[in-house]
Amino acid sequence: MSHDVIISQTADYVRAKFESEGTGHDWWHMYRVWQLSKTIAATEQNVDLFVVELAALLHDIADWKFHDGDEKIGPREARKWLTSKQVSNSVIEHVEDIIRTVSFKGAGVPSNMKTIEGKIVHDADKLDALGAVGIARTFAYGGANGRGLYDPADKVTLHQDFESYKQNNGASLNHFYEKLLLLKDRMYTEAAKELAAGRHQYMEGYLQRFHDEWAGKL
């Protein structure tokens with residue numbers, strides 16, 4: 001089976017599984033990460049695009065946030081699918097490693113992408129958490145999980161380990177300070193750094209407007 005066919009079938013599989021998902025981790029998130037990954041990959045050298053595309057499409061196939069914090073289920077589900085498509089074990093292992101390490105795990109937890117393919121997918125995924133789309137996704141996820149918009153008494157926590165980050169259930173606005181505003185400085189590729197700067201600036205303007213409206217200044 002050709003790489004193009006496997007990628008096409010993987011996209012169809014992910015779309016069927018996540019098209020009606022309502023937390024912002026839906027098919028269209030995966031589609032945008034897929035497209036962003038290809039855009040970033042075109043600016044880098046010696047990239048295995050097959051690995052990039054598969055990892056981008058499958059990076060949230062079983063996100064730990066929806067599976068009781070289980071970090072192993074995503075790589076396992078990806079392996080099951082790719083094995084059914086007779087993908088080589090070396091590619092599967094590479095995709096598994098990207099899925100295992102791509103998630104943000106707290107302000108005090110450094111990312112650890114080992115390969116250029118992993119760095120590309122990481123950057124594409126984090127870019128989709130920024131800007132106008134990132135704002136929409138934040139409130140979609142918060143609403144789906146019963147989180148309020150904002151509570152001034154709910155203090156921002158910069159989590160120093162994954163366990164405390166997993167237990168976080170603060171208001172949606174806190175997520176901007178606990179994760180999203182940190183992402184600009186965690187990008188690996190030059191293309192992503194450039195895109196992140198504009199999206200970060202947009203979010204800063206939005207947050208200022210939010211606080212002004214909340215306080216009755218506008």
Side-chain angles (χ1 to χ4, degrees), residues 10-11 14-44 52-66 74 98-99 102-107 111 113 118-150 156 165 168 170-214:
T10 301
V14 173
R15 181 168 190 159
K17 191 175 179 69
F18 290 98
E19 194 162 27
S20 60
E21 204 275 353
T23 71
H25 296 76
D26 58 353
W27 154 248
W28 292 111
H29 163 62
M30 297 172 200
Y31 175 83
R32 290 189 301 271
V33 171
W34 178 29
Q35 300 308 308
L36 273 167
S37 292
K38 289 189 285 185
T39 297
I40 297 169
T43 71
E44 298 289 335
V52 167
E53 293 195 58
L54 290 176
L57 284 165
L58 294 168
H59 79 280
D60 270 347
I61 193 64
D63 193 309
W64 60 264
K65 289 188 286 297
F66 308 106
I98 292 171
I99 295 171
V102 73
S103 292
F104 180 89
K105 294 181 172 66
S111 59
M113 307 313 296
K119 292 172 182 178
I120 288 167
V121 176
H122 167 277
D123 286 1
D125 182 40
K126 300 306 170 282
L127 281 168
D128 203 56
L130 298 177
V133 168
I135 292 169
R137 292 183 64 221
T138 297
F139 291 114
Y141 180 82
N145 287 276
R147 299 184 181 187
L149 293 179
Y150 175 53
V156 170
Y165 182 70
N168 175 49
S172 291
L173 205 76
N174 286 19
H175 190 62
F176 288 89
Y177 301 98
E178 294 170 351
K179 175 183 176 181
L180 307 187
L181 292 176
L182 308 178
L183 298 179
K184 174 176 68 69
D185 295 327
R186 292 192 175 211
M187 298 294 168
Y188 288 99
T189 64
E190 292 304 315
K193 289 176 183 178
E194 185 175 344
L195 290 170
R199 296 187 184 205
H200 179 94
Q201 185 178 29
Y202 182 90
M203 286 199 313
E204 287 186 317
Y206 169 81
L207 288 168
Q208 183 61 58
R209 177 82 188 198
F210 183 100
H211 287 297
D212 285 346
E213 290 186 13
W214 187 275

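Residue numbers run from 1 in the order of the sequence given. Basis for what follows: all heavy atoms, side chains included, without hydrogens, waters or symmetry-related copies.
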Expected output: side-chain [X] to main-chain [Y] donor-acceptor under 3.5 Å:
X: Asp123; Y: Tyr188; value: yes
X: Glu19; Y: Glu21; value: no
X: Thr39; Y: Gln35; value: yes
X: Lys126; Y: Val102; value: yes

Mutual orientation of the aromatic rings belonging to Tyr31 and Trp27 [parallel < 30°, tilted 30-60°, perpendicular > 60°] =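 The rings of Tyr31 and Trp27 sit tilted, inter-plane angle from 30° to 60°.
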
query = In terms of ring plane angle, is the pair Phe210 and Phe139 parallel, tilted or perpendicular, where the classes change at 30° and 60°?
reply =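 Rings of Phe210 and Phe139: parallel, as their planes differ by under 30°.
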
With a 4.5 Å heavy-atom cut-off, do [X] and [Y] have their side chains touching?
X: Phe176; Y: Ile135; value: yes
X: Arg147; Y: Tyr141; value: yes
X: Trp34; Y: Val52; value: no
X: Leu149; Y: Leu173; value: no
X: Leu57; Y: Val33; value: no
X: Thr10; Y: Glu53; value: no

I need the [X] [atom1] to [Y] [atom2] distance, nearest 0.5 Å.
X: Lys193; Y: Lys184; atom1: NZ; atom2: NZ; answer: 10.5 Å
X: Arg209; Y: Leu207; atom1: CZ; atom2: CG; answer: 13.0 Å
X: Asp125; Y: Ser103; atom1: CG; atom2: OG; answer: 7.0 Å
X: Glu194; Y: Met187; atom1: CD; atom2: CE; answer: 12.5 Å
X: Ile61; Y: His59; atom1: CD1; atom2: NE2; answer: 10.0 Å
X: His200; Y: Leu180; atom1: NE2; atom2: CG; answer: 10.5 Å

request  = State which residues pass side-chain contact (heavy atoms from CB on, under 4.5 Å) with Arg137; sequence neighbours excluded, sorted by chain then number.
outcome  =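 Partners of Arg137 by the side-chain contact (heavy atoms from CB on, under 4.5 Å) criterion, ordered by chain and then number, come out as His25, His29, Arg32, Asp128, Ala129, Val133.
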
task = For the pair Thr43 and Thr189, evaluate side-chain contact (heavy atoms from CB on, under 4.5 Å) and give the outcome as yes or no after the intermediate values.
result = CA-CA 9 Å; Thr43 71; Thr189 64; 5.5 Å; no

ask   = Between Phe104 and His122, does a side-chain contact (heavy atoms from CB on, under 4.5 Å) hold up when you go through it step by step?
value = CA-CA 9 Å; Phe104 180 89; His122 167 277; over 6 Å; no

key: Over 12 non-hydrogen atoms of neighbours within 6.0 angstrom of CD in Gln201   =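 No, not enclosed.
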
inquiry  = I'd like to know whether Ile40 forms a side-chain contact (heavy atoms from CB on, under 4.5 Å) with Leu127, so could you lay out the CA-CA distance, the side-chain angles of the two residues, the decisive distance to 0.1 Å, and finally the verdict.
reply    = CA-CA 11 Å; Ile40 297 169; Leu127 281 168; 4.0 Å; yes

query = Can you name the nearest heavy-atom pair linking Ser37 to Ile120, along with the distance?
reply =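 For Ser37 versus Ile120, the nearest heavy atoms are O-CG2, 3.4 Å.
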
